[in-house]
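Because the structure is predicted, anything quoted here is derived from the model rather than measured. Below, chains carry the letters A, B, ... as their sequence lines are ordered, and counting in each starts from 1.
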Protein chains: 2
Amino acid sequence: MSDTNFTEILKEKKLKITPQRIAILEELDKNGHSTVDDIFNRIKIKIPSVSLATVYKNILALQSMDILKSVKTPTQKQKYEINKKPHIHLFCKICEKLEDFEIDISDFQDYCKNASGYENIEEASILLTGICKECSAKKI
Amino acid sequence: MSDTNFTEILKEKKLKITPQRIAILEELDKNGHSTVDDIFNRIKIKIPSVSLATVYKNILALQSMDILKSVKTPTQKQKYEINKKPHIHLFCKICEKLEDFEIDISDFQDYCKNASGYENIEEASILLTGICKECSAKKI
DNA sequence: ATATGTGCAAAGGGTTTGCAGATAT
DNA sequence: ATATCTGCAAACCCTTTGCACATAT
């Protein structure tokens with residue numbers, strides 16, 4: 001994903017295109033799930049004047065426009081990611097890495113819909129914890 | 001679940017049996033997912049001298065002993081529940097109710113295990129958002 | 001020109017901590 | 001008798017807010 005794309009995305013959502021916003025989106029695009037501090041510390045290199053408050057304000061703005069999503073992880077700090085194609089999260093209990101895992105959960109959602117009577121099941125937050133390949137290999 | 005059971009559970013985990021702990025567990029058993037404030041306000045009726053700090057300390061202690069679990073919801077406040085049989089959560093976008101939904105997710109877990117290479121997938125936090133029966137009915 | 005966004009500092013809210021006294025075993 | 005727990009107050013995050021200035025359209 002290039003700068004131009006972020007510019008487009010912001011334009012579509014009628015958010016002004018500022019260097020801070022581009023930097024936040026670039027950072028998340030490059031590094032995946034990040035905490036507010038991660039983002040702040042990384043973009044400070046490019047934009048030394050940036051403030052934490054601006055990062056917070058933008059995270060809220062970008063979330064309300066569905067450009068970002070928050071990810072709830074077992075370790076308490078809130079993380080954020082760019083709202084891209086649907087995926088679930090895998091969390092390794094050993095190295096505490098958080099991974100995206102793209103699978104089609106529509107069958108599972110349909111089953112839940114039928115069994116529960118809930119309509120419009122469209123948003124899901126699925127996190128499984130286990131031991132990743134690398135950590136499994138190390139343990140042997 | 002009766003008092004006696006909570007007493008037993010605490011004894012097993014080598015935690016001292018105090019009125020505060022029993023009250024917290026009773027509250028969660030009765031009302032399901034609750035925030036710290038929910039718990040604090042409800043048990044204050046029985047134990048007016050109880051402090052917020054004690055509720056926090058006990059939630060941490062009970063969580064580390066796997067008696068309680070935290071539930072991550074779309075609304076920011078952390079909720080807690082007694083660690084009972086596996087279930088997923090349904091969150092109604094309209095009334096913001098959080099419901100337990102007991103289903104067997106072992107097939108889903110197996111599928112994820114095979115597709116991802118993760119071992120020991122045993123803990124899952126699954127939350128689906130949709131519109132509950134009651135709210136669907138009201139909308140028509 | 002005007003609405004929006006930024007940075008600062010202060011305030012807010014939720015959670016944790018240290019300590020002295022109380023309670024459970 | 002002793003380890004643990006409780007309640008209080010203070011400390012500590014992380015996050016939000018108000019305001020004046022700066023920037024994007």
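Mapped onto DNA chain D by nearest heavy atom, B/Pro19 and B/Lys16 fall at different nucleotides, with B/Lys16 at the one closer to the 5' end. For the pair B/Ala53 and A/Ala53, nearest-nucleotide mapping onto DNA chain C gives the more 5' position to A/Ala53.
Residue contacts shown for A/Thr54 include a base, since a base heavy atom lies under 4.0 Å away.
Here the side chain of B/Val36 is nearest to one of C/dT15, D/dA24, C/dG7, namely C/dT15. Of the candidate nucleotides C/dA24, C/dG7, D/dT15, C/dG7 has the atom nearest to the side chain of A/Gln20. Out of D/dA24, D/dT16, D/dT6, the shortest distance to the side chain of B/Arg21 is found at D/dT6. The side chain of A/Ile17 has D/dT25 as its nearest neighbour among D/dG18, D/dT6, D/dT25. Side-chain atoms of A/Val50 lie closest to C/dG7 of the nucleotides D/dC14, C/dG7, C/dT15.
Computed from coordinates, the B/Leu10 CG to D/dT4 P distance equals 15 Å when rounded to whole Å. Following rounding to the nearest Å, B/Gln78 (CD) and C/dT15 (P) show an atom-to-atom distance of 8 Å. A/Ile47 has its CD1 atom 13 Å from the C1' atom of C/dG5, to the nearest Å. The NZ-P distance, from A/Lys14 to C/dT2, rounds to 20 Å in whole Å. Following rounding to the nearest Å, B/Gln63 (CD) and C/dT15 (C1') show an atom-to-atom distance of 12 Å. Straight-line distance from the CG atom of A/Leu62 to the P atom of C/dT4: 16 Å, rounded to whole Å. The CG atom of B/Leu15 sits 13 Å away from the C1' atom of D/dA3 (whole-angstrom rounding). In this structure, the NZ atom of A/Lys11 is 16 Å from the C1' atom of C/dT4, given to the nearest Å.
Ion pairing of B/Lys97 with B/Glu134 is present here, as a side-chain N (NZ or NE/NH1/NH2) and a carboxylate O approach within less than 4.0 Å. For A/Lys46 and A/Glu26, the salt-bridge test passes: some basic side-chain N is under 4.0 Å from an acidic carboxylate O.
Distances shorter than 4.0 Å separate none of the side-chain N or O atoms of A/Ser49 from OP1 or OP2 on C/dT6. One finds a side-chain N or O of A/Thr18 lying less than 4.0 angstrom from the OP1 or OP2 phosphate oxygen of C/dT6. Proximity of A/Ser51 to the phosphate of C/dT6: no side-chain N or O atom is located under 4.0 Å from OP1 or OP2.
A donor-acceptor contact under 3.5 Å is formed by the side chain of A/Lys57 with the base of D/dG18.
At a threshold of 4.5 Å between side-chain heavy atoms, the hydrophobic network of Ile, Leu, Val, Met, Phe, Trp and Tyr places A/Val36 and A/Leu28 in one connected group.
Residues A/Tyr80 and A/Thr35 are not in side-chain contact: their nearest non-hydrogen atoms beyond the backbone lie 4.5 Å or more apart.
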Where do A/Asp100 and A/His33 land on the side-chain hydrogen bond (donor to acceptor under 3.5 Å, both in side chains) test, with the steps shown first?
CA-CA 9 Å; A/Asp100 286 353; A/His33 328 95; 2.6 Å; yes
